[in-house]
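For the single chain, residues carry numbers from 1 onward in sequence order.
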Amino acid sequence: MNTPTRIAYSVTAQSTGGRAGRATTADPELALDLRAPVELGGPGGGSNPEQLFAMGYGACFQGAMGLVAKDFGLDISESVVRTTIGIGPEGSSFALTAVIEVLVPGADTARVQALADKAHELCPYSKATRGNVPVEVKAVSAL
């Protein structure tokens, strides 16, 4: 288990209505109307948990890349992380998958892959999903 030695920041979100409801945080305020995507039988037209997970995971992963970029001699200031979260049936409920694509313009793909692999070891989202969600991390030359 990956347990922090101390909590440096915490945030609380409140959700009502599930995939057809609303989610809010208080500090700073973030409020979103939630709608199940059409692909899952919903009306679409709002945010959904998979979108939020993809955005959070990608931002966190890029932060982890920043922690190790100097070790790889890479400037990641122009890097892009594209995170795709999939959801589908698993038994009587649903399960997730993740694909993280990392682009560092002008950098050798093999070095970027090594950087991404190291970031995957350090990223808190990666730690949280490890052993629970299949995650593919790959360096790409274009997005």
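Minimum heavy-atom separation, Arg130 to His120: NH2-O, 2.6 Å. Ala64 and Ala119 make their closest contact through CB-O, 3.7 Å (heavy atoms, listed as atom of the first residue, atom of the second, distance). Considering all non-hydrogen atoms of both residues, Arg35 and Gly45 come closest at CG-C, 4.0 Å.
Ile87 and Phe53 fall within the same hydrophobic cluster, defined by Ile, Leu, Val, Met, Phe, Trp and Tyr side-chain heavy atoms under 4.5 Å apart, directly or through other members. Under the 4.5 Å side-chain heavy-atom criterion for grouping Ile, Leu, Val, Met, Phe, Trp and Tyr, Ile76 is connected to Phe72 within one hydrophobic cluster. Tyr57 and Val140 fall into different hydrophobic clusters, where Ile, Leu, Val, Met, Phe, Trp and Tyr side chains are chained together by heavy-atom contacts under 4.5 Å. Clustering ILVMFWY residues whenever any of their side-chain heavy atoms sit less than 4.5 angstrom apart, transitively, puts Leu122 in the very cluster that holds Val133. A continuous path of ILVMFWY side-chain contacts below 4.5 Å connects Val68 to Val104, so both sit in one hydrophobic cluster.
Looking at Leu96 and Thr129, their side chains never come closer than 4.5 Å, going by heavy atoms from C-beta outward.
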Steps toward side chain to side chain contact (heavy atoms under 4.5 Å, CB included) verdict (Leu40, Arg19):
CA-CA 10 Å; Leu40 293 178; Arg19 287 181 172 273; 4.0 Å; yes

Derivation and outcome, side chain to side chain contact (heavy atoms under 4.5 Å, CB included), residues Glu29 and Thr24
CA-CA 7 Å; Glu29 184 174 326; Thr24 60; 5.9 Å; no

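Formation of a donor-acceptor pair under 3.5 Å by the Thr97 side chain with backbone atoms of Pro134 is not found in this model.
The only member of Val135, Thr83, Val137 that meets side-chain contact (heavy atoms from CB on, under 4.5 Å) when paired with Phe61 is Val137.
Here the CG-CD distance, from Leu34 to Gln51, works out to 9.5 Å after rounding to the nearest 0.5 Å. A distance of 5.5 Å separates CG of Leu115 from CG of Leu74, quoted to the nearest 0.5 Å.
For residues 62-90, the set of pairs meeting the salt bridge (charged side-chain N to carboxylate O under 4.0 Å, His left out) definition, not counting sequence neighbours, comprises Arg82-Glu101.
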